[in-house]
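This one's a predicted model, so the numbers in the text were calculated from it and none came from an experiment. Naming: A, B, ... by sequence-line order, numbering from 1 per chain. When reading the values below, keep in mind they use all heavy atoms of this one structure, side chains included, and skip hydrogens, waters and symmetry mates.
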There are 2 protein chains.
Amino acid sequence: MSGHGTSGPIGRPRGEIIAVGTELLTGQTLNTNAAWLSRRLAEAGVDVLFHTAVGDNLERLQATFSLAAGRSDVVVVTGGLGPTEDDVTREALALFAGRPLVKDRAALENVRRFFARTGRPLLPINVRQAEVLLESRVLPNDVGLAAGFAFDVGGTHFIVLPGPPREMQVMFERYARSELLAWLAGRGWTIQPLFHRFLHFAGIGESAVADRLADLIRHQTDPTIAVYAEPGHVLVRLSTRRPDERQAAEALEPLMDAIVARLKGHYFGEGEALTLAEAVIGRLKGQGLTLAVAESCTGGRILDALIAVPGASAVVRLGVLPYQTPMKAAVLGLDADGLAEHGAVSAWAAEAMARAVRRLSAAEVGLATTCVAGPEPQEGRPVGEGYIGLAVADRVWSLAVRADGDRNLIRQRIADQALFALFRAVAPSSEPDGENPDRKGEERE
Amino acid sequence: MSGHGTSGPIGRPRGEIIAVGTELLTGQTLNTNAAWLSRRLAEAGVDVLFHTAVGDNLERLQATFSLAAGRSDVVVVTGGLGPTEDDVTREALALFAGRPLVKDRAALENVRRFFARTGRPLLPINVRQAEVLLESRVLPNDVGLAAGFAFDVGGTHFIVLPGPPREMQVMFERYARSELLAWLAGRGWTIQPLFHRFLHFAGIGESAVADRLADLIRHQTDPTIAVYAEPGHVLVRLSTRRPDERQAAEALEPLMDAIVARLKGHYFGEGEALTLAEAVIGRLKGQGLTLAVAESCTGGRILDALIAVPGASAVVRLGVLPYQTPMKAAVLGLDADGLAEHGAVSAWAAEAMARAVRRLSAAEVGLATTCVAGPEPQEGRPVGEGYIGLAVADRVWSLAVRADGDRNLIRQRIADQALFALFRAVAPSSEPDGENPDRKGEERE
């Protein structure tokens with residue numbers, strides 16, 4: 001839980017974000033900076049009311065700054081601080097504010113050090129990147145050349161940051177956030193930090209989650225509940241403004257328990273950026289279990305997601321992708337007559353694959369998928385139909401699944417269903433969903 | 001090659017895009033619509049000078065529309081056409097334009113049909129989605145409920161589209177584009193279509209491509225050359241405004257040949273959305289070759305990219321991910337003494353894996369990767385170091401590779417290098433890069 005916020009003398013401060021760069025207006029670059037900065041300003045208690053993207057043009061930049069100063073308390077400008085003539089954000093700000101640009105000694109030293117380190121010659125154009133508005137507060141750039149700065153015009157606070165996301169983010173986190181909070185406090189907007197909890201759910205859609213929580217969401221003031229669709233799962237964010245972490249926990253924990261109880265059987269963990277694959281690796285590692293996976297139509301989606309998790313090598317022993325049907329017999333040793341009888345896309349094949357890949361690898365757990373990803377039907381089965389096979393302890397079973405969408409959406413959705421089925425199948429027996437409600441299919445072995 | 005454009009009575013028409021939705025201002029949703037519409041407006045010859053995102057607020061919406069009408073010829077508004085009270089784009093436009101909203105008969109019929117089809121009851125709030133501005137030109141919604149519309153205020157043309165990207169895109173492609181082109185033509189902006197060619201290069205960075213084409217880029221007027229970094233490769237887009245496709249081809253083809261000649265050994269194909277995996281599948285299929293892949297550290301990245309291509313099942317026979325080292329011996333049959341002597345991350349292992357997976361699958365071509373993805377070094381080898389193994393016809397060889405970045409960037413970059421090495425390794429002998437300059441490593445078998 002972390003963050004900051006404000007509640008002010010007359011409501012909350014109004015903010016806006018101005019992103020500068022012709023590459024935004026041609027559609028070449030997505031304006032991710034505006035979204036990122038919006039979240040940071042919300043944490044600081046600023047209501048963001050406008051985003052503007054504008055090109056590297058002196059006249060239009062000045063008009064945009066004037067408009068912003070007339071309607072906002074806080075304006076964050078990002079981009080247009082590069083070394084070339086195209087980059088005119090500094091000059092436009094100087095014209096708008098009626099103040100000259102000056103070289104900042106420390107920023108110039110930063111530029112000099114960079115060129116000394118790389119052995120490249122320092123060009124006059126690079127000196128421009130050490131220029132800031134006279135009497136502004138300089139924001140150091142620890143990972144690039146262009147200095148940032150902050151200044152006031154009328155009652156409006158301007159914060160100027162570079163455009164490359166990494167430079168912008170590091171500068172905001174290290175310098176601009178505290179600068180902004182100090183400015184807000186100085187204006188009488190008392191700071192009350194914002195604390196979050198992030199809960200993750202799978203096997204259920206965003207609107208079904210929102211529906212089951214509808215009464216809680218309808219009556220919310222603080223804490224607030226927000227529901228987001230993440231790739232492959234649903235994220236519920238709980239937020240509260242409280243004086244400290246202890247009081248925030250007191251406000252959030254009963255709500256969190258109530259939400260998890262309502263969505264029993266779908267919850268898989270807590271944390272801002274948790275993925276289903278991380279939850280699976282964490283649960284297997286916690287029990288000292290290893291895993292082997294046989295993927296047919298999902299073809300690498302499951303293994304790629306699992307192996308993306310640092311530390312996966314302690315859990316994932318083996319992956320086999322018997323993509324052409326004869327490989328299921330040749331490599332996994334599936335019975336050719338059984339394959340011919342049941343088909344490659346069948347409960348029989350999913351179970352046989354899970355059992356075979358587990359045996360081949362001597363892992364404790366085997367997972368398998370077989371499905372029709374399209375674009376063409378296969379063996380008379382329609383696109384989107386498939387089976388997930390699981391082999392855990394002395395049991396082997398399968399689940400019939402269906403997914404909509406194009407080839408790669410089907411592959412992704414069946415991979416997500418397989419990961420969640422695996423997560424449930426290896427629940428520690430102490431946990432409420434350790435009963436394995438999925439184990440209704442045929443069981444063998 | 002396709003597209004449209006204009007050259008006007010006084011320069012080119014000025015445009016801007018207004019995206020409506022509080023979810024943009026909270027940072028919950030990225031403004032991808034602005035980028036997409038920018039590219040479409042550029043094709044139509046409109047210079048996009050501003051993007052604005054604004055919340056679902058009557059007063060701020062009206063102010064934004066007034067500002068836009070004062071500075072632009074064409075204004076595209078997207079979002080805020082939903083059924084709920086939050087969505088006030090229609091009402092704000094009516095107040096701004098001083099014209100009432102009216103129900104469109106055809107749009108209402110569309111809404112009715114939707115509810116009849118899904119069996120859900122038609123609610124009064126949904127009727128709002130069939131409302132348009134009086135005396136506007138209606139833009140049908142073939143994939144959703146909210147009707148779009150177009151109208152003029154003063155000399156400015158407003159085009160209003162729904163916010164969900166798919167509805168917005170289908171409505172633009174089917175109805176709004178031609179409506180816009182007709183409006184531009186009516187104002188004397190004569191249409192000259194814009195034609196593109198898209199060329200793809202791998203094994204070279206964006207700035208190195210820009211550097212090798214610097215003189216061509218510097219002197220460009222028409223055709224123009226733009227260089228983009230795509231995931232795993234570089235895209236060069238050539239564009240020209242010509243009366244027809246034949247004249248466009250005459251302008252573009254000599255330039256295209258010159259660029260491919262300068263970047264010989266890096267070119268892998270043409271087409272707007274080509275990926276390296278598609279080029280690999282296309283080249284193998286063209287020669288009737290099948291493929292088997294053994295991935296260690298890249299763990300599913302290569303196979304996932306290949307199997308994402310429709311028709312991959314004719315080419316990809318088998319994938320094996322012997323993720324824990326003993327699996328390299330147990331499943332692929334690598335010599336345990338050789339593994340102990342050379343290490344799992346070695347040229348020896350890469351070659352043995354490529355040879356083994358090819359033999360196991362009876363495919364014509366084998367590809368293998370082994371590397372240290374991190375976060376920890378392995379067998380004394382640093383993070384980012386690795387080998388690509390290839391088995392083609394009677395030859396087996398390997399390439400030493402290196403990649404920077406975090407765990408998953410390293411996995412991605414080595415996967416990209418492996419796909420490009422494979423692409424070169426299976427060049428038809430008739431092609432200039434069929435000489436296989438990569439084949440400098442040790443060769444065995």
Minimum side-chain heavy-atom gap B:V316-A:L321 below 4.5 Å: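 Contact flag for B:V316/A:L321 side chains = no.
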With a 4.5 angstrom heavy-atom cut-off, is it the side chain or the backbone of [X] that approaches chain A, or both, or neither?
X: B:R411; answer: side chain
X: B:Y228; answer: side chain
X: B:V54; answer: both
X: B:L67; answer: side chain
X: B:V357; answer: neither

Pick from A:S313, A:P375, A:P322, A:A362 with the largest number of heavy-atom pairs that fall under 4.5 Å of chain B: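 Of the options given, most contacts go to A:S313.
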Top contributor to chain B interface from A:T52, A:L360, A:I17, A:L37 [non-hydrogen pairs under 4.5 Å]: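 Most pairs with chain B among the choices: A:T52.
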Chain A interface, residue from [options] that has the most non-hydrogen pairs under 4.5 Å:
options: B:A34, B:S38, B:P326; value: B:S38
options: B:A373, B:C297, B:G299, B:A63; value: B:G299
options: B:A226, B:A292, B:A330, B:A53; value: B:A53
options: B:G300, B:S361, B:G319; value: B:G319

Residues in residues 18-31 of chain A that sit under 4.5 Å from chain B, counting heavy atoms only: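 Residues in range: A:L24, A:L25, A:T26, A:G27, A:Q28, A:L30, A:N31.
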Reported CG-to-NZ distance for the pair B:L318 and A:K328, which is rounded to 0.5 angstrom: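 The distance works out to 10.5 Å.
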Under 4.5 Å from a heavy atom of chain B, the part of A:V331 involved: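 When you check distances to chain B, only side chain atoms of A:V331 fall under 4.5 Å.
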Residues of residues 303-311 of chain B near chain A, each having a heavy atom less than 4.5 Å away: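 Interface residues of residues 303-311 of chain B: B:L303, B:D304, B:I307, B:A308, B:V309, B:P310.
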CD (A:E379) with more than 12 external heavy atoms under 6.0 Å: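 Yes, the 6.0 Å shell around CD holds more than 12 heavy atoms from other groups.
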Smallest separation among heavy atoms of B:R407 and A:A312, with atom names: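 Residues B:R407 and A:A312, closest heavy atoms: NH2-CB, 4.2 Å.
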Working for side chain to side chain contact (heavy atoms under 4.5 Å, CB included), residues B:L49 and A:R60: CA-CA 9 Å; B:L49 300 183; A:R60 286 192 286 278; 3.7 Å; yes
